[in-house]
Amino acid sequence: MRFEINAIEQRLFDVIGEAGKALGYPVYVIGGHVRDNLLGVPSNDIDIVCEGSGIRLAEEVAERLSPRPHVVVYKNFGTALLKHDDYDIEFVGARKESYRSESRKPVVEDGSLQDDQLRRDFTINALAVSLNEKDYGTIVDPFDGIQHLEERLIKTPLEPGRTFSDDPLRMLRAIRFVAQLGFHIEDKTLEAISENRDRLQIVSKERITDELNKMLMCPQPSRAFELLLHTGLIHLILPELPKLVGVEYVDGKGHKDNFFHTLEVVDNVAATSDNLWLRWAALLHDIAKPQTKRFEEGHGWTFHGHDAIGAAMVPRIFRSLKLPTDAKMQYVQELVRLHLRPISLTKEAITDSAIRRLLYDAGENLEDLLILCSADITSKNPAKRKKYRENYEIVKQRLIEVEEKDHLRNWQPPITGELIMKTFGIPPSRLVGDIKTAIREAILDGKLSNDYEAAYEYMLELGKSHSLSIVA
């Protein structure tokens, strides 16, 4: 493997090397940029480590660049950041760390390059490239990181139990790299993750959730979540999810393993969309199946109501993980609530009324709902899978036809509560809501055309039935 430097990086690294020489600091590119370069993966994030002050080096580099970039200094961390030619370049002084058992925040001391490499999480992230005149471009690889890149292996520089006990977030990073890079974890390192999983409790929910989001955005998220289950970490992070594991049999009839079905759905969505929140909806779409599971004689296993109960669970899960509780959460909740609707339409005669209601309820989320529902078809029986997909295509076509005819997408009924109150001279009340709902239902059922005049006349009829008079 060779560290390839393009023309822009060459000019930038030359400036950094010259600045380090002027200050008397040995300087190196280290970490993810080196790893990605050797893997042939583009990376605009560059970490520079020096044996000296990272902040002072950043300021010296900025003085030598044109136009002069702004240097953002983080004094508490001894780091500095500048942007140049679409690159984000972070500077830090080489350091060694020691940890207290109750915190993942280390006690930091100045150190050598070797000290700094030793504190890194994995051997593939401890690789450094010299920017110094005497050995410019030389790869410094004390832990066989290049060999591990070739073997696609995740391994820690130190004894793995110490590495994970010191900073338990590294356990999640190891698992994330499996799904992100297509690597595998060395046996001893994987064993240490299971043994140290309880240490994750000292990590903030925000940092944990950030790693979960990155796992979900991997090409094949299931690889990460299978390891979270194998190591026991998922029980600490999202305890509702492992409850989906397993198959139960009664009278020889079993249901599918809903955990692995869920991961298959997530992978299917990931192959189609890079929408993080749609992937969250896929992860949580069957989350209520364990508590709704019933065996019905003559019918088999049922999960009645898991869509509605699952939607009700979403806010609590989002709050627990410190995920946003704004429109993003509502979007996930709505997709979980509606995920059975399109599929259920394939099992019955599809009426215009049912299509109208789905268009109205899904609104602007319809395309994403259809992606989720298509991903949810995971039958291992080819004939069944073919039939489901054919029926599903019929539903999609009907949605297009009814929308073109009735224009109910993101639709609001033509009669507002304000108009009802003004027309009949009544205050806000349940009656106003009842009239408005009756008009909406009549339009969705096809009993009333979707226009203002027809809806207004129907409102007057409803007013009469409630002994309401029009206010002059």
Side-chain angles (χ1 to χ4, degrees), residues 31-32 35 39 96-106 115-127 141-205 207-216 218-246 257 259-260 262-263 266-267 283:
R35 178 199 70 220
L39 290 172
K96 53 185 175 181
E97 300 174 340
S98 57
Y99 288 81
R100 299 180 299 272
S101 62
E102 74 280 2
S103 173
R104 61 178 292 267
K105 294 179 180 178
D115 290 326
D116 202 272
Q117 289 176 297
L118 198 62
R119 74 177 182 83
R120 299 277 164 170
D121 52 5
F122 309 115
T123 59
I124 60 172
N125 292 335
L127 292 159
D141 179 18
F143 308 114
D144 298 323
I146 291 178
Q147 179 184 333
H148 298 155
L149 280 178
E150 292 172 342
E151 296 173 352
R152 310 188 78 77
L153 184 69
I154 304 294
K155 189 175 187 293
T156 59
L158 293 170
E159 192 278 319
R162 177 180 167 187
T163 295
F164 296 138
S165 180
D166 283 350
D167 185 354
L169 188 66
R170 291 168 173 167
M171 297 187 288
L172 296 184
R173 283 171 55 81
I175 289 171
R176 191 238 301 172
F177 283 137
V178 168
Q180 190 172 17
L181 302 175
F183 281 32
H184 63 281
I185 301 174
E186 181 224 19
D187 289 345
K188 186 178 178 183
T189 302
L190 183 60
E191 193 176 305
I193 293 176
S194 296
E195 291 171 353
N196 288 274
R197 61 179 177 267
D198 289 338
R199 289 285 290 158
L200 195 67
Q201 295 172 24
I202 70 169
V203 180
S204 73
K205 283 290 180 66
R207 298 301 296 272
I208 292 171
T209 298
D210 182 55
E211 285 297 327
L212 275 186
N213 285 339
K214 289 175 181 176
M215 291 176 196
L216 279 172
C218 289
Q220 194 176 352
S222 63
R223 295 197 66 193
F225 282 88
E226 286 174 10
L227 282 173
L228 289 176
L229 178 68
H230 174 77
T231 57
L233 286 170
I234 197 64
H235 297 78
L236 302 173
I237 299 169
L238 185 53
E240 295 85 356
L241 204 58
K243 292 178 182 177
L244 293 168
V245 173
D257 187 305
F259 180 82
F260 290 98
T262 291
L263 297 192
V266 174
D267 282 352
L283 187 68

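Numbers here are sequence positions counted from 1. Heavy-atom basis, side chains included; hydrogens, waters and symmetry copies ignored.
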Quick check for you: to the nearest 0.5 Å, what is the distance between [X] atom [atom1] and [Y] atom [atom2]?
| X | Y | atom1 | atom2 | result |
| --- | --- | --- | --- | --- |
| R170 | I193 | CZ | CD1 | 12.5 Å |
| S165 | M171 | OG | CE | 8.5 Å |
| L200 | E211 | CG | CD | 10.0 Å |
| K188 | E191 | NZ | CD | 9.0 Å |
| L238 | I208 | CG | CD1 | 11.5 Å |
| L228 | I175 | CG | CD1 | 4.5 Å |

Where is the tightest heavy-atom contact between [X] and [Y], given as atom of each residue plus distance?
| X | Y | answer |
| --- | --- | --- |
| P221 | L216 | CG-O, 3.3 Å |
| R35 | I124 | CB-O, 3.5 Å |
| H148 | F183 | O-CE2, 4.3 Å |
| F260 | E226 | CE2-CG, 4.0 Å |
| T231 | L190 | CG2-CD1, 3.8 Å |
| R120 | N125 | CD-O, 3.6 Å |

Examine distances only and state if a side-chain atom of [X] and a backbone atom of [Y] form a donor-acceptor pair shorter than 3.5 Å.
| X | Y | result |
| --- | --- | --- |
| D141 | D144 | yes |
| Q117 | A126 | yes |
| R197 | S194 | yes |
| E159 | G161 | yes |
| D267 | S222 | yes |

**Asked** Would you say K214 has more than 12 foreign heavy atoms packed within less than 6.0 Å of its NZ?
**Response** yes
**Prompt:** How far apart are the C-alpha atoms of L229 and H235, what are their side-chain angles, what is the distance that settles it, and do they pass the side chain to side chain contact (heavy atoms under 4.5 Å, CB included) test?
**Reply:** CA-CA 7 Å; L229 178 68; H235 297 78; 4.1 Å; yes
[X] side chain near [Y] side chain, heavy-atom distance below 4.5 Å:
| X | Y | answer |
| --- | --- | --- |
| L212 | F225 | yes |
| I237 | K205 | no |
| I185 | F177 | no |

**Complete:** Per side-chain contact (heavy atoms from CB on, under 4.5 Å), F143 is matched among L127, L118, L158, T156 by L118
**Item:** Option passing salt bridge (Lys or Arg N to Asp or Glu O under 4.0 Å) with D121 (candidates R173, K155, R176, R162)
**Value:** R173
**Message:** Less than 4.0 angstrom from a charged side-chain N to a carboxylate O is my criterion; do R119 and D115 meet it?
**Reply:** no
**Request:** In sequence, state the C-alpha distance, the side-chain angles, and the governing distance for F164 and T189, and then conclude on side chain to side chain contact (heavy atoms under 4.5 Å, CB included).
**Result:** CA-CA 9 Å; F164 296 138; T189 302; 3.6 Å; yes
